[in-house]
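These numbers come from the heavy atoms of this one structure, side chains and all, not from hydrogens, waters or symmetry mates. Numbered from 1 within each chain, the chains take letters A, B, ... in sequence-line order.
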2 protein chains.
Amino acid sequence: MKTQKKRSDCPVSFSLEAFGDKWSLLIVRDLMLKKKCTYGELAKSDEKIATNILAARLLSLEENGIIQKLEHPDSKAKVLYQLTQKGMDLIPIIVEINLWAEKYTDIPEKRKELLAQMNADKEGFIKNALKELELNL
Amino acid sequence: MKTQKKRSDCPVSFSLEAFGDKWSLLIVRDLMLKKKCTYGELAKSDEKIATNILAARLLSLEENGIIQKLEHPDSKAKVLYQLTQKGMDLIPIIVEINLWAEKYTDIPEKRKELLAQMNADKEGFIKNALKELELNL
DNA sequence: ATATTTACTTGCAAAAAGCAAGTGATTTAA
DNA sequence: TTAAATCACTTGCTTTTTGCAAGTAAATAT
């Protein structure tokens, strides 16, 4: 795990050092909500991340213990990326980010069902998402 | 309010464009938890943000409708920064970030009481923090 | 055997972050 | 009432990070 000079001992600062940039949480989102799990699938996301940045962020997330690389069951050419427990524990943050956005921007149709679930039963949604992800651990 | 080219229509992406960097949420944290409200106080935070970066982030947060500038009651030389409603609605995110960090790093003594409250009654903590901040609006 | 897919890397230009010093308006202290 | 201190920034410059386009090597499919 990466040891970088901490800017402070504040827990918010600690967290932002692990995922506080414009890309890391989008990767986490894909691994969490969209079940994308290979480099190629992550690269194809709507936000069009440059491949070198994707590689850099994946390495950083791995060093921070948020994701792990595994052999892909289908092919040795592929790599399976998945969230660790530490990564899955980011679900509540992703949920709150979604709920905040819902208040201040239009939500695309394809995301409305998910938002509805989060609103109806936040705790239940998180528990369920966690359970599904843990099946793959 | 800033109109920047959206990377995608994903709510997570929308949110990260507003506060997804290493500094913005630290400023929000200070305005929220530490009741810092002037440029000088924000500049003195533990993380030692450079003054030009602070100015840039404050402008960006303002353009995104998360904070607002007001006349300081004590002096015309000072500026009062405070969270808007949109900014206050980030409280649940800050709380979840604190709770995540608590699981994976040591929390400094001065923050433990706050974390205890968040753990004991998350909803209550958020409601209360919101109520206190809204008094200043 | 060849072409394609896969997960990256490399080189370079552009943007952003970070540092140190400076500016001008206000406020305090002599 | 004037000089020093405080306030919220800005400016100039260097370093780091981001982003683009192209390339590479291993594995797979044809």
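- If you take CG of A:Leu80 and C1' of C:dA7, they are 13 Å apart, rounded to a whole angstrom.
- Residues of residues 25-46 of chain A that place a heavy atom closer than 4.0 Å to DNA chain C, in numerical order, are A:Thr38, A:Tyr39, A:Gly40.
- Here A:Lys112 pairs with A:Glu109 in a salt bridge; the nearest charged N to carboxylate O distance falls below 4.0 Å.
- For A:Asp46 and A:Lys110, the salt-bridge test passes: some basic side-chain N is under 4.0 Å from an acidic carboxylate O.
- Classification of the B:Tyr39-B:Tyr81 ring pair by plane angle, with boundaries at 30° and 60°, yields tilted.
- The closest donor-acceptor contact from the side chain of A:Ser75 to the backbone of A:Ala77 lies under 3.5 Å.
- B:Leu58 has its CG atom 10 Å from the C1' atom of D:dA8, to the nearest Å.
- Salt bridge absent: A:Glu17 and A:Lys6 never bring a charged side-chain N and a carboxylate O closer than 4.0 Å.
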With sugar-phosphate taken as primed atoms, P, OP1 and OP2 and all else as base, the protein-contact string of nucleotides 13-30 of chain D at under 4.0 Å (heavy atoms; B, S, -) is -----SBB-B----SS--

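- Rounded to whole angstrom, the span from the NZ atom of B:Lys22 across to the P atom of C:dA17 amounts to 11 Å.
- Heavy-atom contacts from other residues, nucleotides or ligands closer than 6.0 Å to CG of A:Asn136 number more than 12.
- Between the side chain of B:Lys34 and the backbone N or O of B:Arg29, no donor-acceptor pair lies under 3.5 Å.
- Comment: B:Lys122 engages B:Glu96 in a salt bridge, judged by a side-chain N to carboxylate O separation of less than 4.0 angstrom.
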